[in-house]
Amino acid sequence: MREIVGDRLPKFKKEERLMVQGSIDFVGINQYTTYYISNPPPQEKPKPLSYQQDWHAEFACKIFSPFNPDSVDSTSMDYAGNQTFFDAIDDTKRIAYYRGYMAELKRATNDGANVIGYFAWSLLDNFEWRLGYTSRFGIVYVNYKTLERYPKMSAYWFKQLLDRGYK
């Protein structure tokens, strides 16, 4: 990260580091990608950046665990491009993403990360700052013309997860 961000990273004096050391009691993580979270070993044929690389991430909450703050984690997974209603409802890739991500989150908590919450972004399809209405993040489909809402397969998956508890 230091190589990529360079001079944009803040620099702290020793006194400032001592002043803030141990002062964190809560960390909220809005994790879009693991690009800065871990340094995976080099691969012969690098994979293009994608959600699949995040499924086995070293969670940021593990990085903070030596300082013992509580952590709330948030993730999102969109389907970019204009989709038909039926394609949008059948969001099996999103289910696979959340299943894999939450399994890794559970592993992180088993390894000692102090995670007190998690939420998926977003409940509803909405306006995305860069892609407008062509990217769908929600687990509930929104018809933008009528504002009718339809649960996607991932909404039913989350309901089953909550009904049985994530063990």
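Scope of the values below: all heavy atoms of this structure, side chains included, with no hydrogens, waters or symmetry mates. Note that the structure is predicted; figures quoted are calculated from it, not measured.
Counting only residues at least two apart or on different chains, the salt bridge (Lys or Arg N to Asp or Glu O under 4.0 Å) pairs with a member in residues 145-162 are Asp125-Lys152, Lys159-Asp163.
Atom OH of Tyr98 and atom CG of Leu161 lie 12.0 Å apart (nearest 0.5 Å). Distance check: Gln21 CD to Met19 CE gives 12.0 Å after rounding to the nearest 0.5 Å.
Cluster annotation: Leu123 and Phe158 are assigned to the same hydrophobic cluster (Ile/Leu/Val/Met/Phe/Trp/Tyr, side-chain heavy-atom contacts under 4.5 Å, transitive). Residues Tyr156 and Tyr101 are members of separate hydrophobic clusters, defined by side-chain heavy-atom contacts under 4.5 angstrom among Ile, Leu, Val, Met, Phe, Trp and Tyr. Hydrophobic clustering of Ile, Leu, Val, Met, Phe, Trp and Tyr side chains at less than 4.5 Å, counting indirect connections, keeps Tyr133 apart from Ile89.
Residues satisfying the ring-ring contact (aromatic ring centres under 6.0 Å, His included) test with Phe85, not counting sequence neighbours, are Tyr141, Tyr150. For Met153, the side chain to side chain contact (heavy atoms under 4.5 Å, CB included) test picks out Asp90, Asp91, Thr92, Ile95, with sequence neighbours left out. Annotation: side chain to side chain donor-acceptor pair (under 3.5 Å) contacts of Gln160 (sequence neighbours excluded): none. For Asn126, the side chain to side chain donor-acceptor pair (under 3.5 Å) partners are Ser122, not counting sequence neighbours. Take Phe12 and apply the ring-ring contact (aromatic ring centres under 6.0 Å, His included) test, not counting sequence neighbours, and it matches no residue.
In the hydrophobic clustering (ILVMFWY side chains linked at under 4.5 Å, chained through shared members), Leu18 stands by itself.
Taking a 6.0 Å sphere around OH of Tyr144, one finds it holds more than 12 heavy atoms contributed by other residues, nucleotides or ligands.
Here the shortest heavy-atom pairing between Phe127 and Gly132 reads CE1-CA, 3.4 Å. Across every non-hydrogen atom of Met102 and Trp157, the tightest pair is SD-CH2, 4.2 Å.
With contacts defined as side-chain heavy-atom distances shorter than 4.5 Å, the pair Lys106/Tyr118 does not qualify.
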